[in-house]
Amino acid sequence: MNIKTVGVVGAGAMGSGIAQVLAQSGLSVQLVDVGQPMLDRARQGIEASLGRFVDKGRLSAADRDAALARITTTSALDRLAESDYIIEAIVEDAEAKRVLFSGLDAIAKPAVILASNTSSISITVIGAATGRPDRVLGMHFMNPVPIMPLVEMIRGQATSSETMRIGSELARALGKTPVEAADYPGFIANRILMPMINEAIFAVMEGVGTPESIDTVMKLGMNHPMGPLTLADFIGLDVCLAVLDVLHEGLGDPKYRPCPLLRRMVAAGQFGRKSGQGFYTY
Ligand SMILES: NC(=O)c1ccc[n+]([C@@H]2O[C@H](COP(=O)([O-])OP(=O)(O)OC[C@H]3O[C@@H](n4cnc5c(N)ncnc54)[C@H](O)[C@@H]3O)[C@@H](O)[C@H]2O)c1
């Protein structure tokens with residue numbers, strides 16, 4: 001695998017985490033977002049995360065500094081002309097991703113693989129926006145990326161086996177475990193996780209329990225490390241709604257219908273942890 005420089009598009013919770021693990025693994029990273037405030041926030045978040053590893057004795061100060069030095073930030077997408085591999089982590093919106101992939105296809109070197117970190121959107125549809133659908137795949141990292149060991153690898157209808165092999169090799173080089181999933185809405189992870197989160201929100205709406213009691217039941221009764229509503233706030237309620245919409249539309253089963261309370265909270269700008277208000281206040 002001759003990958004030295006990786007472009008990451010979208011410097012939110014996921015893109016900054018992906019940039020961090022790439023840099024920690026010795027790769028150069030070009031992190032792109034639409035504006036300087038997002039890039040500054042991402043760098044601060046990466047510094048804080050690496051600092052926690054140093055505090056716990058799991059990373060030396062020299063390795064932290066070297067990782068930070070490997071990350072450059074820019075709002076100029078065409079800087080990715082130099083990348084050997086590109087991972088997209090922008091907003092969970094099919095049209096936005098298709099527009100971006102079409103642009104990346106024009107900028108990136110012909111052999112470069114374009115990966116999407118989408119939680120639910122069809123890799124086949126994203127790949128079809130490019131002239132290289134065989135070199136488009138899903139690499140669904142989990143949040144927080146520096147901690148979680150899984151990468152769900154999604155094979156689109158046109159994705160080649162060689163692309164899957166190279167993507168999986170990169171995931172392993174980052175210390176992650178790749179697991180392949182077929183290109184159906186929500187893949188494996190969110191097809192199973194999101195109905196549980198949605199049901200927990202229905203339970204709040206119907207007064208079955210408070211967020212605290214629902215989370216406590218799932219933690220102490222089911223041995224989950226985190227209750228579903230705490231997890232929803234952590235993922236982002238806007239992301240949860242976008243994924244449920246894709247599941248509902250793509251699979252056509254009413255059991256995926258997003259809870260009206262979730263829709264109302266997102267409309268009110270209550271996105272969870274990142275906005276300061278969700279099922280809990282931050
Ligand atoms: N939040 C999670 O737990 C989680 C987990 C796995 C996968 N994902 C997926 O990862 C992706 C990103 O999610 P997130 O939680 O990091 O979102 P986020 O809202 O924290 O960050 C998205 C970033 O993308 C930027 N952006 C939007 N359009 C852009 C464009 N055209 N070019 C460059 N930057 C652009 C935004 O400015 C923002 O900084 C989504 O597809 C989401 O479904 C999220």
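Computed from heavy atoms alone, side chains included, the values below leave out hydrogens, waters and symmetry copies. When a ligand or atom number is given, it counts from 1 through the structure's own listing order.
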When distances are taken from atom 3 (O) of ligand 1, the protein heavy atom at minimum range is Asn143 ND2, 3.1 Å
Given side chains that start at C-beta, do those of Ile87 and Val9 come closer than 4.5 Å, heavy atoms only? no
Side chain to side chain donor-acceptor pair (under 3.5 Å) for Asp245 and Tyr256? Distances and angles first, verdict last. CA-CA 8 Å; Asp245 275 332; Tyr256 299 109; over 6 Å; no
Test of proximity, Ser119 against ligand 1: N or O pairs below 3.5 Å: yes
Using side-chain heavy atoms (C-beta onward) and a distance below 4.5 Å, is Met196 in contact with Met218? yes
Considering only heavy atoms, does Met142 approach ligand 1 within less than 4.0 Å through its side chain, its backbone, both, or neither? neither
Should we say atom CG of Asp253 is surrounded by more than 12 heavy atoms from elsewhere, each under 6.0 Å from it? yes
Is Met14 close to Val145 at the side-chain level, that is, under 4.5 Å between some pair of heavy atoms? yes
For Gly10, counting its heavy atoms only, list the atoms of ligand 1 lying under 4.0 Å from any of them. 24 (O), 34 (N)
Under 4.0 Å to a heavy atom of Val9 - the qualifying atoms of ligand 1, by number: 32 (N), 33 (C)
When distances are taken from atom 10 (O) of ligand 1, the protein heavy atom at minimum range is Asn117 ND2, 2.9 Å
Any non-hydrogen atom of Leu100 lying under 4.0 Å from ligand 1? no
Numbered atoms of ligand 1 (with element) below 4.0 Å of Val239, judged on heavy atoms: 43 (O)
Apply side chain to side chain donor-acceptor pair (under 3.5 Å) to Gln30 and Thr74, showing your working. CA-CA 7 Å; Gln30 292 162 318; Thr74 178; over 6 Å; no
Between the candidates Leu31, Ile90, Asn190, which shows the shortest non-hydrogen contact distance to atom 35 (C) of ligand 1? Ile90
Considering only protein heavy atoms, which is closest to atom 21 (O) of ligand 1, and at what distance to one decimal place? Gly12 CA, 3.2 Å
Taking only non-hydrogen atoms of His140 and a 4.0 Å limit, the atoms of ligand 1 in range are 6 (C), 7 (C)
Using a 4.0 Å heavy-atom cut-off, say whether Phe141 meets ligand 1 through its side chain, its backbone, both or neither. backbone
May I ask you to identify, for Arg41, whether its side chain, its backbone, both or neither come under 4.0 Å of ligand 1 on a heavy-atom basis? side chain
Out of Lys274, Glu92, Met148, Met14, whose heavy atom is nearest to atom 16 (O) of ligand 1? Met14
Protein heavy-atom partner closest to atom 20 (O) of ligand 1 - residue, atom, separation in Å: Ala13 N, 3.1 Å
Does an N or O from Thr118, backbone or side chain, lie closer than 3.5 Å to an N or O of ligand 1? no
Just to verify, which of Ile201, Ile197, Leu193 counts as forming a side-chain contact (heavy atoms from CB on, under 4.5 Å) with Pro228? Ile197
Sub-3.5 Å N/O-N/O distance, Ile235 and ligand 1: yes
For Ala89, state whether at least one heavy atom is located under 4.0 Å from any atom of ligand 1. yes
May I ask you to test the Phe202-Arg257 pair for a side-chain heavy-atom distance under 4.5 Å? yes
Quick one: does Val179's side chain get under 4.5 Å of Met153's, heavy atoms only? no
Look only at the side chain of Tyr184 and the backbone of Ser122, and say whether a donor-acceptor pair between them is shorter than 3.5 Å. no
Below 4.0 Å, non-hydrogen atoms only: which portion of Asp33 touches ligand 1? Side chain, backbone, both or neither. both
When rounded to the nearest 0.5 angstrom, what is the spacing between CD in Glu206 and CD in Glu199? 7.5 Å
pair Phe279-Leu237: side-chain heavy atoms closer than 4.5 Å: yes
